[in-house]
Structures are given as C-alpha cells and as structure tokens.
There are 2 protein chains.
Amino acid sequence: MLGDERGNMISSNSDKKKIDNIEDYFMAKKEISQAVIQRLPRYYRYLEDLMDQGIERISSSELSKRMKLTASQIRQDLNNFGGFGQQGYGYNIKNLHDEIAKILNIDNEHEMIIVGAGHLGQALANYTNFRKRGFIVKAIFDKDPSIIGKKVGEIEIQPMEKLDEIIKASNIKMAAVCIPKNAAVKVVEQLINDGIVGIWNFAHVDLEVPENIVIENVHLSESLMRLSYRMGESLNAE
Amino acid sequence: MLGDERGNMISSNSDKKKIDNIEDYFMAKKEISQAVIQRLPRYYRYLEDLMDQGIERISSSELSKRMKLTASQIRQDLNNFGGFGQQGYGYNIKNLHDEIAKILNIDNEHEMIIVGAGHLGQALANYTNFRKRGFIVKAIFDKDPSIIGKKVGEIEIQPMEKLDEIIKASNIKMAAVCIPKNAAVKVVEQLINDGIVGIWNFAHVDLEVPENIVIENVHLSESLMRLSYRMGESLNAE
DNA sequence: TAACTTTTGACATATAATTAACAAAACTGT
DNA sequence: ACAGTTTTGTTAATTATATGTCAAAAGTTA
C-alpha cells in the first residue's frame with residue numbers, strides 16, 4: 001500500500017539515479033538548461049497549489065493538462081534531477097514539492113537586503129510571499145536623507161554608508177537592487193566586495209560581474225514592451 | 001555621403017523586403033519565435049543607450065560584443081522584420097531604434113490602468129520610465145475603502161466599483177493586475193468583458209483567457225527562486 | 001576611379017530543446 | 001496470485017534555435 005513509506009520507496013527504487021545529498025546534482029556536472037531552470041519554480045507553484053487542494057498524487061499526464069505542457073517534458077525536466085516518480089503511480093505531490101524545494105535551494109532560509117527604498121524597494125520589502133519561501137529581508141538602504149530612519153514594515157531604512165558594515169557583520173549573500181541604472185553599476189561592485197553572491201537586479205542595465213556572481217534580472221520595462229508587441233501582433237492578426 | 005538621407009536609402013535598398021507599414025509584418029504570417037520577441041526589447045534598450053552616447057552607427061559585430069550575443073544572431077533577429085542595415089556601413093542607430101519602436105508597438109501612446117493599489121501597484125504607477133516609453137497610467141483601483149481617494153502621483157485611487165465604467169468610457173486596452181491570485185482570476189474576467197486586450201499580470205497564477213487576449217506574466221517569486229537555484233549551483237560548483 | 005575593406009542578408013550547418021515512443025516497473029481489481 | 005492497466009524513465013525522432021559561411025553590396029582610401 002501507499003502511505004508514509006512512499007518517500008523512501010521512491011528514493012530507493014533507482015540505484016543509478018539515487019541522490020543522497022543535494023551536491024550530487026552538481027557533482028554530476030550534467031548541465032541543466034536555462035529552459036528547465038525557467039520552468040522549475042512554476043512546477044513548484046503548481047505542486048503547492050495541489051497540496052493546498054489536498055491532492056496526494058499526480059501523473060505527469062494530469063499535471064501536463066493543468067500546466068499546458070507535454071507530459072514528456074515534465075518527465076524529462078524532473079529526471080534532470082532524479083527519478084522522483086513511480087511507474088503506475090505517478091508523483092507523490094508532497095514528496096516532489098520537497099525535492100524541488102531542495103533543488104531550488106529554498107529548503108532553508110535566506111537573508112537578503114534591499115538597496116533602494118523607492119516604491120519598488122518598499123514593495124519588495126513588504127512582499128509577504130517572499131517570507132513564506134524563506135527569504136528574509138534584513139535591511140533596506142537608501143541614499144535619500146529624508147526617508148532614512150523611516151520604517152518599512154518592521155525594518156528601518158538605513159543610509160547607504162552603513163551598507164558595507166551591515167553586510168560584513170552578517171551572513172547575507174543576496175541583494176535586491178532597486179536603484180537607477182547609473183547608481184546600480186557602482187553599488188553592485190560594492191555589494192560584491194562585501195560578499196554578496198546573488199543579485200536580484202531591477203535596474204535597466206546589464207551588470208558586468210565576475211563568473212561566480214549570480215544575477216537575476218527583472219527588467220520590467222522590457223516585459224511591458226513584450227506585452228505591447230504581442231498586443232499589436234494580436235490586433236493585426238484578425 | 002551619409003547623412004539625413006540614410007533612412008531613405010535603407011528603406012529603398014531592398015525591394016523584396018521593403019516594408020511600407022507595420023501590418024505587413026503580420027500579413028506575411030512569418031511566425032516570430034518567442035526567443036526573438038524576448039530579445040527585442042533588449043535591442044531597443046541598447047540602441048537607446050547608444051543614442052544617448054551620441055553614437056550614430058553600429059555594426060552587428062560591434063553590437064554583438066556589447067550585448068554578448070553573436071553578430072549572426074543579431075542580423076537574423078533583425079531580418080525577421082526587415083533589412084534595416086546596409087552593407088559596409090552597418091545599422092544607423094536612430095533609424096533602427098525607431099524601427100524597433102514600431103515593431104514593439106511603442107511608437108504611439110498606450111493608456112493603461114492598474115488594478116490593486118498596494119505597494120506594487122503604487123510602484124508601477126510611479127514608474128516614470130513607463131511614461132517615457134509612452135505608457136500612461138489613467139487610473140488605479142483598489143477595493144480597500146481606507147485608501148480610496150488617496151493620490152498616487154497625480155492620480156486618485158478609485159473604488160473597484162468604478163472599474164467597468166471607467167474602462168468602457170475610454171479607449172484603454174491594457175491593464176496591470178497587482179492583486180492576490182484569487183481576486184485576480186475574477187477581476188481579469190471582468191477586465192476582458194470591459195474590453196481590455198493586454199494584461200500585465202503580477203498575480204501568482206496562470207490566467208485562463210480567450211485566444212485574442214494577451215497575457216504577460218511577471219512572477220516575481222519565481223524569479224527569486226531562479227536566483228536562489230543559481231546561487232546554490234554556483235556555490236556547489238567550486 | 002579603381003582596388004581594397006567592411007558588412008549585410010541569406011542560406012547552410014550545428015546545436016539545443018521538445019515531443020514521441022516504448023519497455024519495464026508498479027499499481028489495481030478480481 | 002494473475003491479468004490487465006497505468007505510468008514512469010529513457011532513448012529516438014523531430015522541431016526549433018543559434019552559429020558559421022560567403023557572395024554581393026556599399027563604404028573607404030589613395
């Protein structure tokens with residue numbers, strides 16, 4: 001029968017692919033394509049929704065209908081990281097959810113800072129969903145003296161002068177950058193010197209960083225232009 | 001000699017590819033790949049920067065170095081839409097910039113509304129860069145009575161009850177949705193009924209819409225998870 | 001103006017991503 | 001326990017995307 005043992009059964013049913021710890025993924029050096037990484041968080045979101053609905057298991061084919069993907073793609077994507085499913089049964093949702101959390105590195109907490117306490121910086125600081133995923137905003141910085149000391153949620157806006165000190169005194173590895181592009185270039189250099197490894201960049205610029213630094217860009221105005229393009233396309237297609 | 005005539009020369013030097021108006025792109029039915037659409041706004045941004053620097057012309061090879069793409073890819077991407085370059089010369093930056101603006105459908109103004117006046121909605125309403133691209137926020141809505149009537153920049157927060165009325169009385173075709181996912185599903189239905197064609201969706205849900213409706217998703221928490229994934233990958237790769 | 005250089009646009013090739021197919025494993029119902 | 005069903009993980013085929021190549025066009029220089 002199926003039950004609590006499910007997780008164990010899955011992890012032991014495929015010797016070649018057995019994964020004892022997360023580092024094995026990377027040891028194997030099997031390059032994961034950008035397209036797969038792009039989809040991973042979406043799987044996570046769907047699995048979370050399924051859990052909330054109290055559903056216990058799902059087949060790749062059923063999931064493919066909901067996500068508007070092919071079942072084949074789902075199976076291939078997941079098999080990049082291990083054999084999480086079981087023939088004749090499908091995937092245990094809770095188990096797969098937890099596995100993807102490990103893969104995404106969100107099975108533990110991440111402290112982060114926000115540089116720029118404009119509207120966007122404040123919006124991020126207040127985003128309760130992030131906390132739910134384990135991302136904890138430890139500090140928010142701005143250069144504008146008129147807002148320094150004000151509170152955003154539970155944290156106080158700090159002057160830029162305190163940036164180095166606060167990062168170095170902590171174990172913070174992640175920073176969201178919400179300042180204009182010219183300022184961003186210099187601040188990012190500073191962040192990297194202070195030990196920041198991952199940068200969530202909202203500035204309209206492609207940052208040049210060393211190889212070991214990770215940048216995730218959110219170019220909102222580019223997103224808006226894509227919407228505009230598709231609207232034009234759609235209107236002209238009639 | 002090169003000069004003001006450049007634009008004319010370019011548009012007349014390739015009969016087969018000559019494009020008299022924007023609808024020809026779509027008439028031709030030549031399917032543009034998602035990958036190209038993804039890159040288009042980035043080209044636009046780089047061209048804008050080049051213009052600001054006072055540079056007049058650029059070759060695909062020089063642009064490829066700056067953008068970290070191959071020259072071949074740039075030429076192929078652009079040739080989806082027309083022959084904007086000239087042998088031995090390259091691309092005229094101002095001309096190409098304007099052409100891409102037409103392609104992206106940002107050569108004219110777009111009125112838009114924002115649904116949800118939380119931190120994110122307000123951040124978008126205050127984003128001066130959008131106005132620069134021709135996107136004009138005409139109204140912002142919220143259901144919270146305590147903030148209705150307050151001003152965000154120059155516009156007043158309206159109650160949700162006014163949504164239908166305001167959209168229908170205008171020519172607004174675009175809406176940014178910045179409300180929780182459950183509310184979003186219903187509101188989007190309403191927006192579509194009111195005549196909205198393009199939806200910039202910030203809610204953590206994949207919206208089901210008719211074929212002629214365009215959705216551009218900005219799933220911030222997915223973006224953050226991708227950052228987290230890559231940081232884990234980077235740390236484990238040493 | 002003629003020789004030489006640059007650079008595009010088009011096409012051909014190579015690489016990557018997606019989809020299809022199917023044997024083997026595990027489940028289900030009797 | 002057995003027959004039939006489901007569904008995975010894997011490999012093969014297909015499709016899509018990116019890169020390399022080159023003739024022809026236009027620029028540049030002497």
Rounded to whole Å, how long is the line connecting atom [atom1] of [X] with atom [atom2] of [N]?
{"X": "B:Arg57", "N": "C:dT7", "atom1": "CZ", "atom2": "C1'", "result": "9 Å"}
{"X": "B:Gln86", "N": "C:dT5", "atom1": "CD", "atom2": "C1'", "result": "16 Å"}
{"X": "B:Asp77", "N": "D:dT17", "atom1": "CG", "atom2": "C1'", "result": "10 Å"}
{"X": "B:Phe84", "N": "C:dG9", "atom1": "CZ", "atom2": "P", "result": "9 Å"}
{"X": "A:Asn80", "N": "C:dA17", "atom1": "CG", "atom2": "C1'", "result": "11 Å"}
{"X": "A:Ile37", "N": "C:dT18", "atom1": "CD1", "atom2": "P", "result": "12 Å"}
{"X": "A:Ile74", "N": "C:dA17", "atom1": "CD1", "atom2": "C1'", "result": "15 Å"}
{"X": "B:Gln73", "N": "C:dT13", "atom1": "CD", "atom2": "C1'", "result": "16 Å"}

OH-CG distance between A:Tyr127 and B:Leu220, expressed to the nearest 0.5 angstrom: 5.0 Å
Gap between atom CG of B:Asn201 and atom CD1 of B:Ile179 - 0.5 Å precision: 9.0 Å
Hey, what are the protein-to-nucleotides 20-24 of chain C N/O distances that come in under 3.5 Å?
from	atom 1	to	atom 2	distance (Å)
C:dA20	N7	A:Ser72	OG	2.8
C:dA20	N6	A:Ser72	OG	3.3
C:dA21	N6	A:Arg75	NH2	3.3
C:dA24	N3	A:Gln87	NE2	3.4

Residue-phosphate contact under 4.0 Å: A:Asn79 side-chain N/O, D:dT10 OP1/OP2: yes
Side chains of B:Gln38 and A:Arg226 in contact at under 4.5 Å (non-hydrogen atoms): yes
Exceeds 12 heavy-atom contacts within 6.0 angstrom, atom CD of A:Gln190: yes
Criterion salt bridge (charged side-chain N to carboxylate O under 4.0 Å, His left out) on B:Lys181 and A:Asp49, from CA distance to verdict: CA-CA 11 Å; B:Lys181 62 179 176 181; A:Asp49 287 350; 3.0 Å; yes
Check: B:Phe130 ring centroid to B:Trp200 ring centroid under 6.0 Å: yes
Minimum-distance nucleotide (side-chain atoms of B:Tyr91 versus C:dT8, C:dT7, C:dC27): C:dT8
Proximal nucleotide (of D:dA18, C:dA17, D:dG27) relative to the B:Tyr89 side chain: D:dG27
Pairwise 5' ranking along DNA chain C for B:Gly88 and A:Gly88, keeping only the more 5' one: B:Gly88
Residue pair A:Arg57, A:Glu62: steps toward the salt bridge (charged side-chain N to carboxylate O under 4.0 Å, His left out) verdict: CA-CA 10 Å; A:Arg57 58 183 256 192; A:Glu62 170 61 21; over 6 Å; no
